[in-house]
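Reading through the structure tokens given below for one structure.
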2 protein chains.
Amino acid sequence: MTAITWQSVQAEALRRIRTREWPPGGQIPHEADLAEELGCARATVNRALRDLAESGLLERRRKAGTRVPLNPVRKATLEIPIIRLDVEARGQAYGYRLLARETTLPPPDVCATLKLQAKTPLIRILALHLADNTPFCLEDRWINPLAVPEIVSADLTTISANEWLVQNAAFSRGDFAFGATLATDTTALRLSCPQGAPLFTVDRTTWAAALPITAVRLSYAPGYQMRAEI
Amino acid sequence: MTAITWQSVQAEALRRIRTREWPPGGQIPHEADLAEELGCARATVNRALRDLAESGLLERRRKAGTRVPLNPVRKATLEIPIIRLDVEARGQAYGYRLLARETTLPPPDVCATLKLQAKTPLIRILALHLADNTPFCLEDRWINPLAVPEIVSADLTTISANEWLVQNAAFSRGDFAFGATLATDTTALRLSCPQGAPLFTVDRTTWAAALPITAVRLSYAPGYQMRAEI
DNA sequence: TGGATTATTATGTACATACATATTAAATCT
DNA sequence: AGATTTAATATGTATGTACATAATAATCCA
């Protein structure tokens, strides 16, 4: 029976940080000293402190040691589910409607975010996600067919591009930008909300290495909140 | 020289996931088998796969083994810096103005989010954060003086409550809710933006165990975007 | 057959040791 | 003194072994 787990070491470290036994800006003992003091292996202390450093509560550098940051930059974890699961997790019935699908030349801003030549034709998808039959989220997406050729034969009337891409595109990197925009007249119509309503929006771009796959703007119906914990 | 690191094992696992050599929904080999195949210790494989599971790319269960999820719920990491550092990271000059400070009974909704009795007087802070002398973010905060008694003697005209609390409050848990709201007349005035402009807002509540510390709404000037990577 | 019990198994973790690596501090040279 | 080289050191990681734990599969019994 080993009474000391890395979690217990972490809890003790957290206690010392919170009580300022390890003051902000100050150095904390070496792993080896802590291991001896707490009666465990250095690897156990390492696991505990490494984890705290990843969440921003400690700063570690080789040779320099470990210190408590003065202005910790805490890290919160955002869960990015497919929209269907997001709706279903709220206990609501999910619905989906493909509004438009075409292959056309993208506007300059889309070209820029995807770093593509202006003359590359892309697939544009416009779709509406519903929760309990009321508009939940409007998906305005551009897809690079060179990155996912199978998309041209995919039936996007029953499965959303959001879901299809998660399952079929081997993406390696993604950027997110969260913001607020006003509902334009057409957007308001589609989301069944007043024109000028404030919409929470997510602009997402995903890549397979250097190859751009897709850029999407998700406009959520008024009142939507994205949640996170720390 | 040990050629095989846990990062290289992770890269190989990622490759197999992306190429569908390990298909979605399918089981992958045991750690022990992988370790033998790749020529490393099981602990190395464990570290690599555990990390992938934490980011949502694998699902692991004791005895059941490891599988590739059909609908992976990816985890993005959000960095939560103090506002001053957020501004300075953009290469802009940070400014700060305390607009109001009073001790008063909070409205019912604030009581509810903080789970406090309605008759508990709280400290209310209203402050403006500036970037290059233009309004950047409006901070509307309620602080529980029972959780941080030193706040009553803190000078919040030179250091923001945001920063003071990060440095002085030992919080253990926090909830975030991101959304979009319309600028009311008073908010528009303070942020120097048109009334009815869409504002990206963050509602944050922090706790020390079960003791509520503070609830704050941050309203960012129009155009602000919060970014994350995956 | 059905329900409880027991065995099995894959992951999770602890440990001691050894070495790698980044970074700082000391020493050396010009 | 200032620049360069060298030593020292704290963290980072790999390994083999051992055992813990959770979850499943097999078994047993009524």
Side-chain angles (χ1 to χ4, degrees), chain A residues 1-14 16-17 21-70 72-73 75 77, chain B residues 1-14 16-17 21-70 72-73 75 77:
Chain A
M1 190 196 71
T2 39
I4 296 177
T5 64
W6 69 268
Q7 289 97 334
S8 73
V9 172
Q10 186 173 74
E12 171 62 14
L14 264 175
R16 295 188 184 184
I17 294 171
E21 191 173 324
W22 290 346
Q27 199 121 9
I28 77 169
H30 315 158
E31 291 184 348
D33 289 353
L34 278 173
E36 193 186 8
E37 180 199 338
L38 300 174
C40 65
R42 186 169 78 89
T44 308
V45 176
N46 182 276
R47 172 85 193 264
L49 299 189
R50 174 164 44 82
D51 207 58
L52 287 177
E54 270 169 21
S55 68
L57 282 164
L58 286 177
E59 281 175 357
R60 325 192 76 204
R61 267 162 55 222
R62 283 168 168 165
K63 165 83 180 177
T66 303
R67 53 177 57 247
V68 184
L70 277 175
V73 179
K75 272 82 175 175
T77 301
Chain B
M1 189 196 73
T2 40
I4 295 176
T5 63
W6 69 266
Q7 289 97 334
S8 73
V9 173
Q10 186 173 73
E12 172 62 14
L14 264 175
R16 295 188 185 184
I17 294 171
E21 193 172 324
W22 290 345
Q27 200 121 7
I28 78 169
H30 314 159
E31 290 184 349
D33 289 353
L34 278 172
E36 193 186 9
E37 181 199 337
L38 301 174
C40 65
R42 186 169 78 88
T44 308
V45 176
N46 181 276
R47 172 86 193 261
L49 299 188
R50 174 164 43 83
D51 207 59
L52 287 177
E54 270 169 22
S55 67
L57 282 165
L58 287 176
E59 281 174 358
R60 323 193 78 204
R61 266 160 56 222
R62 281 169 168 163
K63 165 81 179 179
T66 303
R67 52 178 57 247
V68 184
L70 277 175
V73 179
K75 272 83 176 175
T77 301

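Below, read A as the first sequence line, B as the second, and so on, with proteins coming before strands; counting in each chain starts at 1. Computed from a prediction, not measured in an experiment: that's the story for all the values here.
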Hey, is the side chain of [X] poking within less than 4.0 Å of OP1 or OP2 on [N], counting only N and O atoms?
X: N46(B); N: dG12(C); result: yes
X: T44(A); N: dC15(C); result: yes
X: R60(B); N: dG12(C); result: yes
X: T66(A); N: dT11(D); result: yes

Exercise. In terms of side-chain heavy atoms of A43(B), which of dG12(D), dT15(D), dA10(C) is nearest?
Worked result: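 Closest nucleotide among those given: dT15(D).
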
- Among dT11(C), dA14(C), dT23(C), the nucleotide that comes nearest once only the side chain of R61(A) is considered: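 Closest of the options to the side chain of R61(A): dT23(C).
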
Taking [atom1] from [X] and [atom2] from [N], how many angstroms apart are they, rounded to a whole number?
X: D51(B); N: dT13(D); atom1: CG; atom2: P; answer: 10 Å
X: W6(B); N: dT13(C); atom1: CH2; atom2: P; answer: 15 Å
X: E54(B); N: dT11(C); atom1: CD; atom2: P; answer: 16 Å
X: H30(B); N: dG12(C); atom1: NE2; atom2: P; answer: 13 Å
X: I4(B); N: dC19(C); atom1: CD1; atom2: P; answer: 18 Å
X: R47(B); N: dG12(D); atom1: CZ; atom2: C1'; answer: 8 Å

**OP:** Let me know, please, whether I28(B) or A64(A) comes out on the 5' side of the other along DNA chain C by nearest nucleotide.
**Re:**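 Nearer the 5' end of the strand: I28(B).
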
Assert: residue with more 5' nearest nucleotide on DNA chain C, out of L49(B) and G39(A), is L49(B)

inquiry  = Using modelled atom types and a 3.5 Å cut-off, is there a donor and acceptor pairing between side-chain atoms of Q10(A) and backbone atoms of R47(A)?
reply    = no

Examine the base of [N] for any acceptor or donor lying under 3.5 Å from a partner atom in the side chain of [X], and report the outcome as yes or no.
X: R62(A); N: dT23(C); value: no
X: R50(A); N: dT13(D); value: no
X: K63(A); N: dT21(C); value: no

Side chain to side chain contact (heavy atoms under 4.5 Å, CB included) with L52(A): of L14(A), V9(A), T66(A), only one passes, and it is L14(A)

| said: Are there over 12 heavy-atom neighbours, none belonging to Q7(A), within less than 6.0 Å of that residue's CD? | reply: yes

**Report entry** Atom CD of E37(A) with >12 non-hydrogen neighbours under 6.0 angstrom
**Finding:**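 More than 12 heavy atoms, drawn from other residues, nucleotides or ligands, come within 6.0 Å of this atom.
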
* Side-chain heavy-atom pair I4(B), E12(B) within 4.5 angstrom cut-off -> no

Contact class for Q7(B) vs. all strands (heavy atom < 4.0 Å): base, sugar-phosphate, or nothing?
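Contact class for Q7(B): sugar-phosphate only.
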
For R42(A), answer base if it contacts any base atom (sugar-phosphate contacts may also be present), sugar-phosphate if it contacts only those atoms, and nothing otherwise; contact means non-hydrogen atoms under 4.0 Å.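 Counting heavy atoms under 4.0 Å across all strands, the contact made by R42(A) includes a base.
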
